[in-house]
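Each remark here refers to the structure printed beneath this line.
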Amino acid sequence: MKLIYQNMLSFLLIIVTTISIIGYSEIGYARNQAYTQNYQRMESYANSLGNLAEADIQNGTALLSNNFLNQLEYILRGDDAHLRIFNDKNEQIYPKTKARIQLSQEVFTTLKNGQEIRIQNNHNENSPISSTKDAYTGVLVPWMNGKNLVGIVWIGSRVKHVERPILMAKRNLLRALLITVAVGLLLSFIISYYSTKRIKRLSRATQKVASGNFNVQIEHKDSDEIDQLAENFNKMVQALKQSNEEVKAQEERRDQFMADAAHEMRTPLTTINGILEGLQYDAIPEDSKPKSIALMQRETKRLIRLVNENLDYEKIRNNQIMLVKTNFNATIILHDLKSQLKQNATKANDELVVEAPDQLPIYADRDRFTQVMVNLVQNAIQFTHDGKIIISGKRIEHGTQLSVKDNGIGMSKNQTKYIFERFFKADPSRARMGTGESGLGLAIVSSLIKQHGGKVEVFSTPGKGSTFTVTFYDKGYEQFVAKN
């Protein structure tokens, strides 16, 4: 069932249930009022007759003459009322009949004690007054002379006459119910249409997003839950759009990496294959063979290095390496690093400078810490020519902070956003084998820092250089940082 019909059905059920409850209560109230007024009217007639009967007794005459009673009943017929009179011996004396009509002993005893009896329907079982034709409602009222019973009068009127207002109330209720249902159908359709229209708009927008269109935005007024849903939908689409753009950028970088890797692998393989063929057919002179073998060794090392970097990254990313954290002096490693990479820096005409205290305690895996710093410095050398690279370190609260600052080409904000992702190269045209050309160096740095529980940040300005800052926390404090 469509939502619009479900809403309409819900509204109608509420309306019909409400009208039914109100109608049931109203009809019950009308019924009680009708019978109460009838009882009071009948009791008024009975008490007036009782006063006349008491006067007759005091005057020594008979208990209300038949002629008077016939005239009285004729008058009461205009009000659809009838009467019966019983004497103090429980004998019906009006209207006179050949059959002996009496009240039940239990009813007679109750009346003899001066208590009135109200009859709602004399066709019911155990009714003190019965009728073979129409159903009557009325009262049995005793006439008392002090404590002595003088007579009993029954005055009643037809039930259908008393219930005429109730029947009218039922008809009015039915008419009101039909009108209310008609109006409710119209209003529920309008309200349901308005609500489902907005939901359909969300559904159409969802279909567009499912088809790959992430430029969908839904206007809303922030007035109800559907508007809140629309707002959340807009946020979701924006997040999906950003994720999709990042996935596309990642795919482009992966494709570029595969192309670069294929190119870089093909070049040394071609060189090695050419030298091997030359050796096989003695096409290489004897004096050139040492140079050719040395060239093959360099090309082979290039291939091994490229493969190892990929394998190393996968192990780090999948937490397949074991970190052995210890406390050691980072300054010693920084100076060793300067000596090891001095030759690479000299080729780019760069100056390496270490600024750190003699004692710089740090808690980390010594080998992986060295790998992090080597990758950062190599990255700085790669993008800095005729410049200066400063490797600095200092103690901070609960940790050690190190930075690698260069005055190279720098990066834009968009480049720094993806700099730690796999395969990304800030400037592919400047890539050189042996200095992070695979696009994995900074991705490895980011993964290792995360596994240490530390953090890495980069600040860069195009044309002015970049600064990479890494933080290693003291033992026990890295878990506190991770939780918070």
Side-chain angles (χ1 to χ4, degrees), residues 1-30 169-256 317-318 412-424 443 446 450 455 482-484:
M1 183 183 293
K2 291 186 176 181
L3 181 60
I4 185 172
Y5 300 132
Q6 294 180 16
N7 290 340
M8 291 177 64
L9 181 60
S10 300
F11 289 137
L12 285 179
L13 287 175
I14 293 173
I15 292 172
V16 171
T17 302
T18 303
I19 293 296
S20 300
I21 294 173
I22 295 175
Y24 179 80
S25 301
E26 184 64 25
I27 290 174
Y29 176 77
K170 290 181 179 179
R171 290 176 179 174
N172 292 335
L173 176 63
L174 180 60
R175 189 180 300 110
L177 179 60
L178 293 176
I179 295 173
T180 304
V181 168
V183 175
L185 273 173
L186 179 61
L187 292 178
S188 63
F189 176 78
I190 294 173
I191 296 173
S192 300
Y193 178 78
Y194 174 72
S195 299
T196 54
K197 181 180 179 181
R198 294 192 292 165
I199 295 175
K200 286 181 179 178
R201 185 173 59 181
L202 275 169
S203 178
R204 289 193 294 269
T206 304
Q207 291 175 354
K208 291 181 180 179
V209 173
S211 63
N213 183 5
F214 297 104
N215 295 318
V216 180
Q217 289 292 292
I218 300 177
E219 296 181 359
H220 57 86
K221 299 180 180 179
D222 295 329
S223 59
D224 56 18
E225 286 78 2
I226 296 180
D227 288 329
Q228 292 178 1
L229 178 60
E231 181 182 4
N232 293 333
F233 176 84
N234 290 340
K235 292 179 180 178
M236 179 196 70
V237 173
Q238 292 175 357
L240 288 175
K241 183 178 181 181
Q242 293 176 357
S243 299
N244 186 61
E245 291 175 351
E246 291 177 359
V247 169
K248 288 182 178 179
Q250 183 78 1
E251 287 296 321
E252 291 176 358
R253 292 193 296 272
R254 184 185 66 82
D255 293 341
Q256 184 62 42
R317 188 171 65 90
N318 295 320
S412 65
K413 289 184 178 180
N414 187 56
Q415 288 173 325
T416 57
K417 182 178 180 181
Y418 300 105
I419 193 64
F420 293 109
E421 293 192 14
R422 191 182 185 186
F423 312 129
F424 183 81
S446 178
K450 288 180 180 178
K455 64 179 181 178
K483 291 180 181 179
N484 294 276

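Side chains included, hydrogens not; waters and symmetry mates left out as well; all remaining heavy atoms used.
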Where is the tightest heavy-atom contact between Val16 and Ser20, given as atom of each residue plus distance? O-OG, 2.7 Å
Restricting to side chain to side chain contact (heavy atoms under 4.5 Å, CB included), what partner residues turn up for Leu202, sequence neighbours left out? Ile218, Ile226, Leu229, Ala230, Phe233
Can you list everything that forms a salt bridge (Lys or Arg N to Asp or Glu O under 4.0 Å) with Arg198? Sequence neighbours excluded, please. Asp224, Asp227
Could you tell me which non-hydrogen atom of Ala205 sits nearest to which non-hydrogen atom of Val216, and how far apart they are? CB-CG1, 3.6 Å
Applying salt bridge (Lys or Arg N to Asp or Glu O under 4.0 Å) as the test, list every pair that has at least one member in residues 171-197; sequence neighbours left out. none
Looking at side-chain heavy atoms only, is the closest gap between Ser203 and Gln207 below 4.5 Å? yes
Report the residues that fulfil salt bridge (Lys or Arg N to Asp or Glu O under 4.0 Å) with Lys413, sequence neighbours left out, ordered by chain and then residue number. none
Residue of the set Ile15, Ile21, Ile14 for which side-chain contact (heavy atoms from CB on, under 4.5 Å) holds with Thr17: Ile21
Once you round to the nearest 0.5 Å, how far does CD1 of Ile199 lie from CZ of Arg204? 12.0 Å
Measuring only between side-chain heavy atoms, which start at C-beta, is Leu173 closer than 4.5 Å to Ile19? yes
Rounded to the nearest 0.5 Å, what separates atom NZ in Lys170 from atom CD1 in Ile27? 5.5 Å
Please list every donor-acceptor pair under 3.5 Å in which a side-chain atom of residues 184-192 meets a protein atom from a residue at least two apart or in another chain.
{"residue": "Ser188", "atom": "OG", "partner": "Gly184", "partner atom": "O", "Å": "2.7"}
{"residue": "Ser188", "atom": "OG", "partner": "Leu185", "partner atom": "O", "Å": "3.0"}
{"residue": "Ser192", "atom": "OG", "partner": "Ser188", "partner atom": "O", "Å": "2.7"}

Which value, rounded to the nearest 0.5 Å, describes the distance between Lys241 atom NZ and Gln217 atom CD? 8.5 Å
What residues form a salt bridge (Lys or Arg N to Asp or Glu O under 4.0 Å) with Glu231, not counting sequence neighbours? Lys235
Under 3.5 Å donor-acceptor, Ser446 side chain and Ala443 backbone: no
Please check: side-chain N/O of Asn232 versus main-chain N/O of Gln228, any donor-acceptor pairing under 3.5 Å? yes
